[in-house]
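Excluded from the calculations below are hydrogen atoms, water molecules and symmetry mates; all remaining heavy atoms, backbone and side chain alike, are included. Quick caveat, the model's predicted, so the values are computed rather than measured. Each ligand, and each atom within it, is numbered from 1 in the order the structure gives. Residue numbers run from 1 in the order of the sequence given.
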Amino acid sequence: MDVNEFAANYYRKRKDTDSLKWDALKERYGDENLLPLWVADTEFSVPDAVQQALQTKIKQGIFGYSLVPEDYFSTYENWQKRHHQQTFAKEWLFFSTGVVQALYDLVDCFTEKGEAILIQPPVYYPFFNVIQDKKRQLVTSDLISGPNNYRMDFADLEKKIKKYQVKLSILCSPHNPVGRVWKSEELRTYLNICTKNNVLVIADEIHSDLILPGNQFVSAAEIAKEEGVLENVVICNAPSKTFNLASLLNAHIWIPHVKQRESYQNWCQENRHTENSSLGQIAAQAAYQSGDQWLNNFLALVTQNYNWIKEQLYQYIPQIEVTDLQGTYLLWLDLRKWIPPEKVKYYIQDQAKLAVDFGEWFSTETKGFIRINLATSLANLRLVVKCLVEVNKMVKFEENYSKSNKRRHYKNE
Ligand SMILES: Cc1ncc(COP(=O)(O)O)c(C=O)c1O
């Protein structure tokens, strides 16, 4: 199946299906007539095997308390070996209803109120929320930008860790929104700095299966194993981004060290008695078992969309800087050389009619950027480019108008 066949077979219209992305536009953006390119889910239906597995369960018609399917772990283990040549151990695994929920729980479990937690903006905004909501101290070490992407600022990271006595650091790997797939050496340096300073690392690896050609994902657990510091990492991941299963509420927390596991189990005893999501686990297992080809096709589509829109923007609005996309399906665009940051909402939302994630949601330093979701049809992306090209005419007109106005003022002075 080529990319076009995949799109034709799996693309679904989601408007009026109680989709957060499509049906909450009025509530979230104040305008229901926008093309949604925001929240990180996709317009593509799940692999056939997942639908079949769910249908079998639904036909049975019983949704009582359930056990984790017997082969769940071995199926996942094989998936990990096939895709990332890495191994996690069964006893490390805990389930959660979502990675964001897991972050709230882990922060609660492994830190006290007022203790410092470090993140690397621009970054997925719930990382800020969890630290603030849990009344911990927010410490940031900004990523360094340029030329086409971002890197970690290790000197600043270490300085901040020491200065604020950071207890925990949340790593986004691959990184949302900048699309970096961290290299082994980057992870090693990051982990060594954290370990040296007794900082526990929670690695959010939810995008780990969404890797574009030419890049290789490595789990922080793999590097920690090589460095002999497994006690210093906890990994969160899930099948939800990979296979578009977010609302089935099945995510993984992997805690390699026995002492940390005991702490988490004790914490759960006091705070968390959530049952497993049976449908979520059935879907995940079927996806891990039989979703390889679907994922290949999906990644080919994301790659095609990325190359296409990059080319189009370069051709028609070269002032927009397109960040290199190594992983995820979320593209980070710097509009600052094109339009003033304070006018991004006006041009992008009010005029182009696009619902995007705004740069300032991810960092106070990135107003003037937007994040757009590429996991959609080429037809939708054509519309995006068409709307941006129209807006560009307005931008040019207004620039010329204000220039000629300035000239007039000058003459009159
Ligand atoms: C880095 C990252 N973590 C977590 C999530 C959300 O995970 P969940 O739906 O499992 O809470 C997202 C969704 O976009 C994400 O990008």
Side-chain angles (χ1 to χ4, degrees), residues 19-21 24 28 36-44 46 76 93-108 117-131 133-134 143 150 168-182 187 201-212 217 219-220 234-254 272 274 276-277 279-281 283-284 287 298 302 323 325-332 355-359 361-363 366 370-376:
S19 143
L20 174 69
K21 189 197 248 167
R28 297 294 175 114
L37 301 166
W38 63 298
V39 67
D41 67 13
T42 90
E43 322 308 355
F44 299 97
V46 298
Y76 179 79
L93 177 59
F94 297 85
F95 288 95
S96 175
T97 50
V99 167
V100 171
Q101 181 63 57
L103 294 177
Y104 274 74
D105 293 350
L106 293 166
V107 159
D108 221 23
I117 300 185
L118 183 138
I119 55 175
Q120 294 163 297
V123 74
Y124 181 56
Y125 33 88
F127 286 15
F128 292 89
N129 299 343
V130 58
I131 296 169
D133 290 343
K134 288 285 169 193
L143 297 177
Y150 288 75
L168 188 149
S169 178
I170 308 178
L171 170 72
C172 197
S173 176
H175 192 98
N176 169 11
V178 308
R180 272 301 314 275
V181 175
W182 303 115
L187 291 173
V201 172
I202 298 180
D204 175 344
E205 298 184 350
I206 197 167
H207 294 279
S208 54
D209 295 315
L210 299 168
I211 307 300
L212 271 65
F217 170 75
S219 171
V234 173
I235 309 290
C236 298
N237 65 17
S240 51
K241 299 287 148 206
T242 319
F243 295 108
N244 212 18
L245 297 169
S247 68
L248 291 185
L249 304 181
N250 179 55
H252 307 143
I253 302 173
W254 303 90
R272 177 94 32 248
T274 317
N276 297 324
S277 163
L279 291 181
Q281 291 180 342
F298 175 66
V302 172
T323 307
L325 189 67
Q326 300 177 346
T328 82
Y329 48 70
L330 306 165
L331 188 61
W332 186 235
V356 300
D357 285 46
F358 293 107
W361 297 356
F362 301 88
S363 163
T366 48
I370 58 172
R371 191 196 78 179
I372 62 170
N373 184 332
L374 299 179
T376 188

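- Contact analysis leaves Ala251 out of contact with ligand 1, as no non-hydrogen atom separation drops below 4.0 angstrom.
- Residue Val99 touches ligand 1 through backbone and side chain together, judged by heavy-atom distances below 4.0 Å.
- The protein non-hydrogen atom at the shortest distance from atom 6 (C) of ligand 1 is Tyr124 OH, 3.2 Å.
- Here Pro126 has no heavy atoms under 4.0 Å from ligand 1, in either its backbone or its side chain.
- Nearest protein heavy-atom neighbour of atom 11 (O) of ligand 1: Val100 N, 3.0 Å.
- Considering OG1 of Thr328 and CG of Leu212, their distance stands at 8.0 Å, rounded to 0.5 Å.
- Ligand-side atoms of ligand 1 in range of Cys172: 1 (C), range being under 4.0 angstrom from any heavy atom.
- Proximity of Gln101 to ligand 1, defined as any heavy-atom pair under 4.0 Å, is not found for any part of the residue.
- No side-chain heavy atom of Ile117 sits less than 4.5 Å from a side-chain heavy atom of Phe127.
- Each of His207, Glu205, His252 was scored for a side chain to side chain donor-acceptor pair (under 3.5 Å) with Asn237, with one residue passing: His252.
- Among protein heavy atoms, atom 7 (O) of ligand 1 sits closest to Ile206 CD1, 3.2 Å.
- Near Lys241, the atoms of ligand 1 lying under 4.0 angstrom from a non-hydrogen atom of the residue are 12 (C), 13 (C), 14 (O).
- Taking the six-membered ring for Trp and the full ring otherwise, Trp182 and Tyr150 have centroids separated by 6.0 Å or more.
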Apply the test side chain to side chain donor-acceptor pair (under 3.5 Å) to residues Asp133 and Tyr104: give CA-CA distance (whole Å), side-chain angles for both, the deciding distance (0.1 Å), then the verdict. CA-CA 9 Å; Asp133 290 343; Tyr104 274 74; 2.6 Å; yes

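- In summary, the side chains of Tyr329 and Asn373 do not present any donor paired with an acceptor at a separation below 3.5 Å, with no hydrogens or angles considered.
- With hydrogens and angles disregarded, a donor-acceptor distance shorter than 3.5 Å links the side chain of Thr366 to the backbone of Gly359.
- At a 4.0 Å heavy-atom cut-off, ligand 1 touches Asp204 through the side chain alone.
- Between the side chains of Asn250 and Ser277, no donor-acceptor pair of N or O atoms lies under 3.5 Å.
- The Gly98 neighbourhood of ligand 1 comprises atoms 10 (O), 11 (O), with distances under 4.0 Å to a heavy atom of that residue.
- For atom 9 (O) of ligand 1, no protein non-hydrogen atom is found at a distance below 4.0 Å.
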